[in-house]
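Reckoned from all heavy atoms, side chains included, excluding hydrogens, waters and symmetry mates. Naming: A, B, ... by sequence-line order, numbering from 1 per chain.
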Amino acid sequence: MSDDVGVRLRALRELRNISQRELARLSGVTHSSLSQIEQGRVSPSVSSLKKILDVIPISIGDFFTMDIERADQVFYQYAELPTRYSGDILYRLVGADRPARALSFLIETYPPGADTGREVAAHRGEETGLVLEGEIEVTVGGRTRHLGPMDTWYFDTNIPHRFRNTGRTACRLISCCTPAQPDMHRSEVHEETPPEAELNSD
DNA sequence: TAGCTAGCACTGGTCCCGCC
DNA sequence: GGCGGGACCAGTGCTAGCTA
């Protein structure tokens, strides 16, 4: 078990290109502890492990379930991207098998009328994106803009924001936000069967 | 319940090695 | 030689288990 924790921790740390001492400084755990954990000499306490994983950042659950062997996957075919639904909105996450990723890159599809809701939870970070097809109404803070193909946005995600398809056709867009969210970056995302609006425009 | 003991995580310091 | 990164070691503190 301790060996496994050490191997996983080292893999994550090297993935982030952080030295033991840097990770120790950021997490508040000593560098010797990190060294011993990575070598499997000790099994870290939950509190210590959490402090370390908070820096990476990754949840303890993801830490123990991540697939280290696949962590170096570079290319993803569209069809293999996992899908999630939040209401009517379809999300496909690139690099879902990389729990330690530094950002979330999503391909999103909004059927007509789809809406993230008035109160999209604001979180610290940045988001940018591009409309591929269709139109989307984007509200950031008090500003609202209708965006079409090849239009883009960029905002601090601690500002309340909302995406709404007020058009008659599905809108497909790509978005990228930091830091990476545990799953998706919009709220209430789930894997249930999609509402009829499943946009098989794929 | 209190005292003792062993085990373990954790810390601080230090050493070794490679690189510039 | 200085610096950074990783590993090692001795000591400390906490906790669980055992015994009276």
Gap between atoms [atom1] and [atom2], on [X] and [N] respectively (whole Å):
{"X": "A:Leu34", "N": "B:dG12", "atom1": "CG", "atom2": "C1'", "result": "14 Å"}
{"X": "A:Gln36", "N": "B:dG12", "atom1": "CD", "atom2": "C1'", "result": "12 Å"}
{"X": "A:Leu9", "N": "B:dC10", "atom1": "CG", "atom2": "P", "result": "12 Å"}
{"X": "A:His31", "N": "C:dG5", "atom1": "NE2", "atom2": "P", "result": "11 Å"}
{"X": "A:Ile37", "N": "C:dC8", "atom1": "CD1", "atom2": "P", "result": "15 Å"}

- [ ] Describe, in one word, how the ring planes of A:Trp153 and A:Phe163 are oriented to each other, choosing from parallel (under 30°), tilted (30 to 60°) and perpendicular (over 60°).
- [x] perpendicular

TODO: Kindly assign one of parallel, tilted or perpendicular to the pair A:Phe155 and A:His161, based on the angle between their ring planes and the thresholds 30° and 60°.
DONE: tilted

TODO: Indicate whether OP1 or OP2 belonging to B:dT11 is found under 4.0 Å from a side-chain N or O atom of A:Ser33.
DONE: yes

- [ ] Calculate, to the nearest 0.5 Å, the distance between atoms CD1 and CG belonging to A:Ile89 and A:Asp115 respectively.
- [x] 7.0 Å

